[in-house]
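First listed ligand is number 1; within each ligand, the first listed atom is number 1. For the numbers below, each heavy atom of this structure counts, side chains included, while hydrogens, waters and symmetry mates do not.
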Amino acid sequence: VSHVIGRTIPDDGSEAKDIAFANSLPERTDAPSPSGAMGLVYFPVAKELAQVESTIQNELSSDSAAVETLLNHSRSLGGKRLRPALLLLAAKSVGDVNPKHIFGAAALEMIHLATLIHDDVLDGAKTRRHQETAHEKFGTRSGVLLGDYLFTHSFWLASKTDSAGALRMLAQASNLVCEGEISQGASESNFDLTESDYLTIVSQKTGELCAVACGMGVKISGADNESVDQWTQYGRNLGIAFQIIDDVLDLIGDPAKVGKTLGTDLQNRKPTLPVIRALSVSDDGQRNRLLGLLREETVNVEAVVNELRSHSSIEYSRQMARSYAQRAVAFMDSQPASESNTALRTIAEMMVHRAS
Ligand code: IPE
Ligand code: IPE
Ligand code: MG
Ligand code: MG
């Protein structure tokens with residue numbers, strides 16, 4: 001028996017034992033299940049998602065009481081589980097799901113959770129997944145360290161896929177998420193940001209994890225490079241559509257449905273697509289009025305939204321999301337028909353209409 005990453009586990013070290021362990025995981029009934037309408041669409045991989053859930057719940061435990069307090073909070077959080085579902089559905093579209101996919105999917109969701117915890121520190125958000133954010137509950141230092149803990153633990157877990165290629169993809173995607181968040185931070189209060197700069201940031205900070213979900217899913221199944229690239233692009237397009245709608249929901253979403261603090265983009269002077277578009281089609285007078293609202297100490301979200309609506313820039317943003325989602329749908333239409341492909345097609349379509 002040895003002590004590995006905070007837990008006492010049998011020191012056998014063999015891949016066969018890892019796989020036997022994954023196969024023997026009970027489907028926990030106390031674990032949170034994917035929330036929202038999207039959960040229903042995941043049915044072709046429901047059994048495998050339950051294994052991912054068990055893996056996450058089992059991995060998030062520590063012999064240290066201080067660490068356990070933080071992990072207990074992470075374990076209790078729900079969430080849509082979009083990225084693991086994408087990974088498993090993509091894998092099933094091209095072959096069978098095996099325990100390596102389960103480890104990859106659990107690792108990916110853990111990376112996502114780490115980015116959310118750090119993002120909430122950066123954005124000063126108070127609510128996440130219908131609960132108090134980690135940094136709000138335990139303090140900023142604990143929030144930062146919990147995010148680090150989850151990042152490092154997820155790479156340990158990802159190494160169990162036993163695929164250097166998959167691990168490399170995951171590391172590169174995580175790196176690009178950070179790049180996107182850094183670029184976004186650097187563009188705060190820069191209301192000259194172009195649509196193309198915005199799309200680059202969105203593609204990195206959100207597109208990449210959806211991209212790697214699909215790419216890694218088919219990579220672990222043994223797909224060739226061309227196919228991995230196509231699936232990666234499908235995931236990226238879907239992720240870009242997802243973030244554009246997230247930015248719309250930040251302005252006009254229902255906090256009770258979305259389950260997280262909204263309005264933070266405006267308050268943190270993050271130029272998102274609806275704002276960028278309105279500014280670019282405004283005349284000088286309109287532009288100055290909107291800039292005045294955006295620069296107020298406490299931003300009046302309703303007043304800004306009224307301005308944005310008068311330029312149809314929310315509808316324009318939805319349309320942009322729709323065009324990325326349609327590219328994802330078109331790829332699915334080019335693939336052989338299967339339950340998993342239908343689910344992936346539906347998920348791409350749902351991106352544009354989601355309310356949570
Ligand atoms: C939130 O992601 C962060 C964004 C990229 C917009 P999700 O909306 O997938 O968050 P959870 O996992 O459901 O909480
Ligand atoms: C965050 O973008 C994307 C991440 C890389 C975490 P947002 O800041 O818009 O995400 P939310 O709205 O807080 O979930
Ligand atoms: Mg945020
Ligand atoms: Mg947001």
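Annotation for ligand 1: atoms under 4.0 Å from non-hydrogen atoms of Asp246 are 6 (C). Proximity to Gln243 (heavy-atom distance under 4.0 Å) selects the following atoms of ligand 1: 4 (C), 5 (C), 6 (C). The contact set between ligand 1 and Leu116, taken as ligand atoms under 4.0 Å from a residue heavy atom, comprises 1 (C), 3 (C). Ligand-side atoms of ligand 1 in range of Gly79: 13 (O), 14 (O), range being under 4.0 angstrom from any heavy atom.
More than 12 non-hydrogen atoms from other residues, nucleotides or ligands lie less than 6.0 angstrom from CG of Asp224. Enclosure of atom CG in Asp284 is not indicated, since only 12 or fewer non-hydrogen atoms of other residues, nucleotides or ligands lie within 6.0 angstrom.
The closest approach of Asp246 to the Mg ion (ligand 4), by N/O/S atoms, is made by OD2. Atom OD2 is the N/O/S atom of Asp119 found closest to the Mg ion (ligand 3). Its N, O or S atom nearest to the Mg ion (ligand 3) is what matters here, and for Asp123 that atom is OD2.
Partner Glu109 forms a salt bridge (Lys or Arg N to Asp or Glu O under 4.0 Å) with one of Lys80, Arg81, Arg83 and no other, that one being Arg81. Of the candidates Leu88, Asn341, Val218, Ser93 forms a side-chain contact (heavy atoms from CB on, under 4.5 Å) with just one, namely Asn341.
Classification of Lys270 and Glu188 as a salt-bridged pair fails, no side-chain N sitting under 4.0 Å from a carboxylate O.
Below 30°, between 30° and 60°, or above 60°: for His118 and Phe151 the angle between ring planes is between 30° and 60°, a tilted geometry.
The closest approach between any non-hydrogen atom of Thr206 and ligand 1 is below 4.0 Å. Between Lys205 and ligand 1 there is no heavy-atom distance shorter than 4.0 Å.
The shortest non-hydrogen separation linking Lys160 to Lys100 is O-CG, 4.3 Å.
Distance check for Asp250 against the Mg ion (ligand 4): none of its N/O/S atoms falls below 2.8 Å. Metal site remark for the Mg ion (ligand 3): Asp120 contributes no N, O or S atom at a distance under 2.8 Å. At a cut-off of 2.8 Å, Asp265 is not counted among the residues with an N, O or S atom near the Mg ion (ligand 3).
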side-chain hydrogen bond (donor to acceptor under 3.5 Å, both in side chains) between Gln335 and Tyr234, worked out:
CA-CA 12 Å; Gln335 296 299 296; Tyr234 159 84; over 6 Å; no

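When the heavy-atom distances from atom 12 (O) of ligand 1 to Lys260, Arg81, Arg129 are ranked, the shortest goes to Arg129.
Where the criterion is an N or O separation shorter than 3.5 Å, residue side chain and backbone included, Glu109 fails it with respect to ligand 1.
With hydrogens and angles ignored, the 3.5 Å screen pairs no side-chain donor or acceptor of Ser61 with any backbone N or O of Gln57.
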